[in-house]
Amino acid sequence: MIYYPEKYRIADKRMQPFIDPDEIWDYINKVKADKQGVRDVISASLDKKRLSLQETAILLNATDPGLIEEIKEGARTLKEKVYGERIVLFAPLYVGDLCTNNCQYCGFRSSNKDTKRITLTSDELVNETTALIDQGHKRLILVYGEHPKYSADFIAETVKIVYSVKHNNGEIRRVNINAAPFDIPGFRKVKDSGIGTYQIFQETYHEPTYKKVHLGGIKRNYEWRLTSLDRAQEAGIDDVGIGALFGLYDWRFEVMGLVRHVNHFEAVYNVGPHTISFPRIQNALSLDISKDHLVKDEEFVRLVSILRLAVPYTGMILTAREPAHIRDQILRFGVSQIDGGTNLELGGYSKGKAEAQDLSKGQFQINDNRSLSEIMDELIGKGYIPSFCTACYRLGRTGEHFMEFSVPGFIKRYCTPNALLTMAEYLEDYAAEDTKNTGYQLIDKKIQELGHDRKVEKLKEKIDQIKAGQRDLYF
Ligand code: SAM
Ligand code: SF4
């Protein structure tokens, strides 16, 4: 079987399909989840060990309500102990919705022939970026359909345009990508444009289901998709984001698939993925999928908690697909990044806040319409530290999540101070007066909690410099 063009084949373990469905089902069907076993696995995770497939299956098979509570509690403890209260904020920016694929769950699918397709012009891209900068954003993920027009050169060009926009005190400091996979030279071109993370979701790790829901286009090729981030790694992109679209197949299989993907990266490239995403299917124009595997809210909380424990060092992303009350709840179980002020309409940010969403104008329905400023207010009110930090990426400190997790004191020395500095910038440039007051109270409290040393003195100096008009200060 040809998994990717012959000329890019490398005769070793790299870029080989790594999902064995029988192995996964064997774990799910045969592994027992007794009380002691579940507790041992939770404590292994709290000792900062990435879980094996067998250990993950123990957590998946725990159905006793008391044990499920212990798993959730474990995830909460891990999040608090390891990552603290920081939440990184970003926004998606849709660049173009042309698409030659026919994915049954997506509003951009090629069989939706009557929708007006849009690709932002350079000027429109500048306007969208400016509108996002004016909300206070510093980190974007650019999103594209799969189409010959969205070549590696095109994507690289759009990344450069976004980085070039400056407005008042603001600019975008990190551009991530969610787009179709390329061959190795294509990934290299995109890397050279200065991207942060390249994110590609496998959608489902279950091949028969994959074939059933991908009806046309290049994306139909399961192996091409499965090995896509291997090609990214070969091209030098070691900062990758994986994900599964929950609701296509049994959620337990997808969790095992994600963990298998992680240990494939660890084994072959010696680096885990930067982020894991776990979108649940939302309504979309001509949505046409079976409802058999839709994930209920309580299963969703379980699966997020299990993923947190299974891969304790990786960032976890929760998007505005989920309604505010679910986002607020799930945040405690280990999520590290959320989007704010999201608008999926092509060109929608420059038009102002999205009202009722027209399904023909976005990829799928979002359920959290809060503006970035509303989300900032809520995070600050609950004592989270909203962060727009991009320091590690810009200083070449790659593998930052791993460092946060494994280098003692890294969060205290770098992440928390940098989060507070970017929060102060936000308060100065974009916040209403009362947010500014409560925000600075939180900053003072967090600085006190950091104790007294030279680093904290330096942090206080930098906050004063930001108040005096300097920007982009970090450790
Ligand atoms: N065209 C690129 C691709 O397919 O990789 C970009 C992906 S798409 C613009 C981003 C992600 O949105 C998809 O990978 C899929 O997981 C998710 N998505 C698509 N339809 C969805 C729906 N109805 N509900 C929730 N998420 C959806
Ligand atoms: Fe196209 Fe991606 Fe939507 Fe599939 S998920 S139809 S590839 S935009």
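Numbers here simply count residues along the sequence, with the first being 1. Atoms considered below: every heavy atom in the structure, side chains included; atoms not considered: hydrogens, waters and symmetry mates. Atoms within a ligand are numbered from 1 in the order they appear, just like the ligands themselves.
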Engineer: Give me the ring orientation class for Phe18 and His261: parallel if the planes are under 30° apart, tilted from 30 to 60°, perpendicular past 60°.
Structural biologist: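 Ring orientation of Phe18 relative to His261: tilted.
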Engineer: Against heavy atoms of Ala284, which atoms of ligand 1 measure under 4.0 Å?
Structural biologist: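 Taking each heavy atom of Ala284 in turn, ligand 1 has 23 (N) under 4.0 Å.
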Engineer: Check contact between Arg280 and ligand 1, using heavy atoms of the residue and a distance below 4.0 angstrom.
Structural biologist: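 Within the 4.0 Å threshold, so yes.
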Engineer: Whether the Glu254 and Thr204 side chains hold a donor-acceptor pair (N or O, under 3.5 Å, no angle test) is what I'd like checked.
Structural biologist: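 Yes, side-chain donor-acceptor contact under 3.5 Å.
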Engineer: Taking the six-membered ring for Trp, are His206 and Tyr222 closer than 6.0 Å centroid to centroid?
Structural biologist: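 No, too far apart.
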Engineer: Just wondering, do Tyr269 and Glu234 contact through their side chains at under 4.5 Å, heavy atoms?
Structural biologist: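 Yes. Closest side-chain heavy atoms under 4.5 Å.
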Engineer: Checking a contact table here: which protein heavy atom is nearest atom 5 (S) of ligand 2, and how many Å away?
Structural biologist: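 Of every protein heavy atom, Lys219 NZ, 3.4 Å lies nearest to atom 5 (S) of ligand 2.
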Engineer: Between Arg225 and ligand 1, does any nitrogen or oxygen pair lie at a separation below 3.5 Å?
Structural biologist: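 N/O-N/O distance below 3.5 Å exists for this pair.
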Engineer: With atoms numbered from 1 as shown, which atoms in ligand 1 lie under 4.0 angstrom from a non-hydrogen atom of Gly145?
Structural biologist: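 With Gly145 as reference, the close atoms of ligand 1 come out as 1 (N).
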Engineer: Going by the atom numbers of ligand 1, which of them fall below 4.0 Å from some non-hydrogen atom of Ile281?
Structural biologist: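 So the atoms of ligand 1 that pass are 24 (N), 25 (C).
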Engineer: With a cut-off of 4.0 Å, which atoms of ligand 1 are near a heavy atom of Val143?
Structural biologist: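 Contacts of ligand 1 toward Val143, numbered from 1: 9 (C).
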Engineer: Hey, are Lys219 and Glu146 close enough for a salt bridge, meaning a charged N less than 4.0 Å from a carboxylate O?
Structural biologist: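 Judged by the 4.0 Å cut-off on N to carboxylate O distance, Lys219 and Glu146 do not form a salt bridge.
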Engineer: Would you say Ile200 touches ligand 1, if touching means a heavy atom closer than 4.0 Å?
Structural biologist: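 In this structure, Ile200 fails to qualify as a contact of ligand 1 - no heavy atom is under 4.0 Å.
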Engineer: So, Glu425 and Arg173, do they make that salt bridge, N to O below 4.0 Å?
Structural biologist: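 Arg173 and Glu425: salt-bridged.
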Engineer: Contact between Tyr144 and ligand 1, counting heavy atoms under 4.0 Å?
Structural biologist: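 True for this residue.
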Engineer: May I ask you to check if Arg280 and Phe300 form a cation-pi contact, with NZ or CZ under 6.0 angstrom from the six-membered ring centre and within 45° of the axis?
Structural biologist: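 Arg280 over Phe300 ring: yes.
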Engineer: When rounded to the nearest 0.5 angstrom, what is the spacing between CZ in Phe388 and CG in Asn418?
Structural biologist: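 Interatomic distance, Phe388 CZ to Asn418 CG, rounded to 0.5 Å: 14.0 Å.
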Engineer: Nearest protein heavy-atom contact for atom 4 (O) of ligand 1: which residue, which atom, what distance?
Structural biologist: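 Nearest neighbour among protein heavy atoms for atom 4 (O) of ligand 1, to 0.1 Å: Lys219 NZ, 2.8 Å.
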Engineer: What protein heavy atom lies closest to atom 25 (C) of ligand 1? Include the residue and the distance to one decimal.
Structural biologist: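 Ranking protein heavy atoms by distance from atom 25 (C) of ligand 1, first comes Arg321 NE, 3.2 Å.
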Engineer: What protein heavy atom lies closest to atom 4 (Fe) of ligand 2? Include the residue and the distance to one decimal.
Structural biologist: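 Of the protein heavy atoms, Cys103 SG, 2.2 Å lies nearest.
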Engineer: How far is atom 23 (N) of ligand 1 from the closest protein heavy atom, and which atom is that?
Structural biologist: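 In this structure, atom 23 (N) of ligand 1 has Tyr105 O, 2.7 Å as its nearest protein heavy atom.
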Engineer: For atom 24 (N) of ligand 1, state which one of Gln282, Glu203, His214 supplies the nearest heavy atom.
Structural biologist: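 Minimum heavy-atom distance to atom 24 (N) of ligand 1 goes to Gln282.
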Engineer: Starting from atom 27 (C) of ligand 1, which protein heavy atom do you reach first, and at what distance in Å?
Structural biologist: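 Nearest protein contact, heavy atoms only, for atom 27 (C) of ligand 1 is Phe364 CD2, 3.5 Å.
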Engineer: Check whether more than 12 heavy atoms from other residues, nucleotides or ligands sit under 6.0 Å from atom CG of Asp20, and answer yes or no.
Structural biologist: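 Yes, the 6.0 Å shell around CG holds more than 12 heavy atoms from other groups.
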Engineer: Could you tell me, atom by atom, which parts of ligand 2 come under 4.0 Å of a heavy atom of Gly145?
Structural biologist: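 Once the distances to Gly145 are compared, the set is 8 (S).
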Engineer: Evaluate the ring planes of Trp25 and Phe253, with Trp represented by its six-membered ring, and classify them as parallel (under 30°), tilted (30 to 60°) or perpendicular (over 60°).
Structural biologist: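 Tilted.
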Engineer: Start with the C-alpha distance between Thr119 and Tyr150, add both sets of side-chain angles, then the distance that settles side-chain hydrogen bond (donor to acceptor under 3.5 Å, both in side chains), and finish with yes or no.
Structural biologist: CA-CA 9 Å; Thr119 302; Tyr150 308 146; 2.7 Å; yes
Engineer: If you count the atoms of ligand 1 from 1 in the order shown, which ones are under 4.0 Å from a heavy atom of Cys106?
Structural biologist: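 Going through ligand 1 atom by atom, the ones under 4.0 Å from Cys106 are 20 (N).
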Engineer: Measure the distance from atom 7 (S) of ligand 2 to every protein heavy atom, then report the residue, atom name and distance (to 0.1 Å) of the closest one.
Structural biologist: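 The closest heavy atom on the protein side is Asn101 ND2, 3.2 Å.
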Engineer: Any donor-acceptor pair under 3.5 Å linking the side-chain atoms of Asp134 with those of His167?
Structural biologist: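 Note: His167 and Asp134 side chains meet the donor-acceptor criterion.
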Engineer: Rounded to the nearest 0.5 Å, what separation is found between the CG atom of Leu346 and the CG atom of Leu93?
Structural biologist: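 Reported to 0.5 Å precision, the distance equals 9.0 Å.
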Engineer: Using atom types as modelled and distance alone, determine if a side-chain donor or acceptor of Asp339 lies under 3.5 Å from a backbone N or O of Thr342.
Structural biologist: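 No, because the side chain of Asp339 does not come within donor-acceptor range (under 3.5 Å) of the backbone of Thr342.
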Engineer: Which ligand 2 atoms, with their elements, are less than 4.0 angstrom from a heavy-atom of Arg109?
Structural biologist: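 That gives atoms 6 (S) of ligand 2.
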Engineer: Below 3.5 Å, N or O to N or O, backbone or side chain included: is there any such pair between Tyr94 and ligand 1?
Structural biologist: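 There is no such contact.
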Engineer: Is Cys99 close enough that one of its N/O/S atoms sits under 2.8 Å from atom 3 (Fe) of ligand 2?
Structural biologist: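 Given the 2.8 Å cut-off, Cys99 does not count as a ligand of atom 3 (Fe) of ligand 2.
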Engineer: Counting only heavy atoms not in Asp114, do more than 12 fall under 6.0 Å of its CG?
Structural biologist: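 No, the 6.0 Å shell around CG holds no more than 12 heavy atoms from other groups.
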Engineer: Looking only at protein heavy atoms, which one is nearest to atom 7 (C) of ligand 1, and what is the separation?
Structural biologist: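 For atom 7 (C) of ligand 1, the nearest protein heavy atom comes out as Asn178 OD1, 3.2 Å.
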Engineer: For atom 8 (S) of ligand 1, what's the nearest protein heavy atom and its distance?
Structural biologist: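 Sorting protein heavy atoms by distance from atom 8 (S) of ligand 1 puts Gln363 NE2, 2.9 Å first.
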Engineer: Answer with side chain, backbone, both or neither: which part of Gln363 has a heavy atom less than 4.0 angstrom from an atom of ligand 2?
Structural biologist: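 It is the side chain that touches ligand 2; the backbone stays farther off.
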Engineer: Could you identify the single nearest non-hydrogen protein atom to atom 3 (Fe) of ligand 2 and state the distance to 0.1 Å?
Structural biologist: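 Heavy-atom neighbour on the protein nearest atom 3 (Fe) of ligand 2: Cys106 SG, 2.3 Å.
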